[in-house]
Amino acid sequence: MTNPIQKIEKKVRILNETGLHARPAAIFVQVANKFNSEISVKKGKQTVNGKSIMGILMLAAGLGQQVTICAEGVDAQLAVEELEKLLLNNEQ
Amino acid sequence: MNSKKSTKNSKKLIKGIAASPGIAIGRVFIWDSEEYTISKHSISENKLMLEISRFEYSLIKTRSEILEIQNQISKEMGVEHAEIFNAHLLVLEDRMLIEEVINKIRKEKVNVEHAFVVVIKKYAEIFSKMDDEYLRERLADIQDVGKRIIRNLLGKQKQGLAELKEKVVVVGTNLSPSDTALMHKEKVVGFATDMGGRTSHTAILARSGEIPAVVGLKTITPFVKNGDIIIIDGNSGNVIINPQKAVIKKYQKEKKKFQDFEKGLSRFKSLPAITKDGRSIVIGANIEFPEELPSVIAHGAQGIGLYRTEFMYLNRTDVPTEEEHFQAYKKVAQTLKKNPAVIRTLDIGGDKFVSHLEIPREMNPLMGRRAIRFCLARPDIFKTQLRGILRASVYGNLKIMYPMISGLVELRQANEILREVMHEFKRKRIAFDKDIEVGIMIEVPSAALIADILAKEVSFFSIGTNDLIQYALAVDRINEKIAYLYEPAHPAVLRLIKSVIDAGHNAGIWVGMCGEMAAEPVFTLLLLGLGLDEFSASAVSVPEIKKIIRSVNFEQAQAIASKILLFESSEEIQKYATAKLSELITNSKK
């Protein structure tokens, strides 16, 4: 049995101290690429591909800012959960 | 050194700053002006797939190139130098970028080169405007990868020096530490750059690798093309482009003469640095990587007077781990055995920026939160390094040195953090050298002026003249317009040096010098006479300093120093010191 295609959206306030810069951005992209789903990240009016390092870096999302993670595909639920965890992780 | 005749005979002579001695004759390799002209043309509908597969092929080729270089560099220079390429791979594999290029080819029916250049330029522009140092640094990665892909699309060869087959003289506007980290040192016989001074990164690297270099040439790059013949005279600062045969011959003779001179010095390598009347001086070497140790030993240095550990932090996306610190310092300690190695703790900021630490951009970085100030603000990073040093301290004779101390509070705070680590080690029963010497760099004028106060709480001083001079004289040594004001022989600088040495000796501690001034033969007699206990310079300078020290009495040197302190201008001082040195050399020849 295969999972049906889902579309999941979740608003997240970034708690990770360094936001989505530098290493956290690279890790975010690496994790996003593990999933089959299409992943996008939205901040304000800007939407970027969640599997693109340049897209994520261009969002320049920092601590305390709100972004929306959107995943569409068979593993959308899991993808959003894991990516949310990264943004909420406030340890170094 | 260079007569007017040769100027006339050669096509083009440019004068710069002699940064690393020796003469190099070779073919030009231009490092940083790889610009390709890309034309736009339309592609017929049925050939679009072919165009897209050309793009995909160039991505695959670029990827295997990067992996190969990464592999080669990590084998030759260590994994940490290869880290920068991880960022390159991320850019290369970027889906947004790839999709945008493919969409553009499909929609506009244009050639891949054009589509790619437009897209990469768009990204480069967005990143260049970002108000974040880290993101702006990614711009360099994007451009680097972009150039590589374009080169592969165009089927052009030749890229990094790592891939070079023949020996070349590298010519560029300016070489950054990450540029030079990629250079295959055996293939580079000389450097010539538009920017930089004697203490810029290229200069230091060239001296430690014994590669002749001239920097600060202002306009060398526009005058040369790849494959031109060029002469680099690292002794006089002259660079000659496409010289005539007679000039080449003349310089081949000069080169031979210089090599003979070096050979003449080589017998001093194994001799101790001791004056005729028995005053013994320690001659150490400055290093950036443990890989330089063989050169240090070959030149007869009795240890490391300055280990610039910040190079461990460059060209990577994370901070070095305790284990990496430990392994590097252990190697140094074990290689030197009883000979000392002074490990300077992280000294970043200014021209040595570390991207992943996300240091905000400062208006005036040289006076900003750098070196010990940064470490005190980030005790986590500081402690990681201190742990590495302490763990390695049982393998040899290591000493700790804090950079850029400006007052007593900073020193005490740094020592407090060190004590915390030591307590932790005792608790956990981790072995370390309990008597490890802890000293400070004297490079801020305020520290020089209160050296008597600081001396009570440290085991040694090491005078860092490069910064001390620029802070004392308010001269940015990299700014070419005022570089002439950067005067090591300024009476103010000499007074500061004297008072530091005196204060150290009054408190019973040793005083060394690890700045470029310690490597200048013209100042050796003066510094010896002022009572300096240790000189630390690039390894190649060691034999000559030893030779000078071995040719005088300490009293003679003291008399020269006293006389120099009476002069009122650096011209007089320079002139007198030069005269005394050549007198000494002529006498010792008799």
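Just so it is clear: chains get the letters A, B, ... in the order the sequence lines come, proteins before strands, and each one is counted from 1.
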[X], [atom1] atom: more than 12 neighbouring heavy atoms under 6.0 Å:
| X | atom1 | answer |
| --- | --- | --- |
| B:Glu322 | CD | yes |
| B:Lys383 | NZ | yes |
| A:Lys10 | NZ | no |

Practice problem: Pick out which of A:Val29, A:Asn49, A:Ile53 makes a side chain to side chain contact (heavy atoms under 4.5 Å, CB included) with B:Arg95. | Solution: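 Exactly one candidate clears the test, A:Asn49.
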Quiz prompt | CG-CG distance between B:Leu90 and A:Leu57, expressed to the nearest 0.5 angstrom | solution =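 It comes to 9.0 Å.
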Exercise. For side-chain contact (heavy atoms from CB on, under 4.5 Å), just list the numbers for A:Met58 and B:Met96, CA-CA rounded to whole Å, side-chain angles, deciding distance to a tenth of an Å, and then say yes or no.
Key: CA-CA 11 Å; A:Met58 280 196 316; B:Met96 199 160 97; 3.4 Å; yes
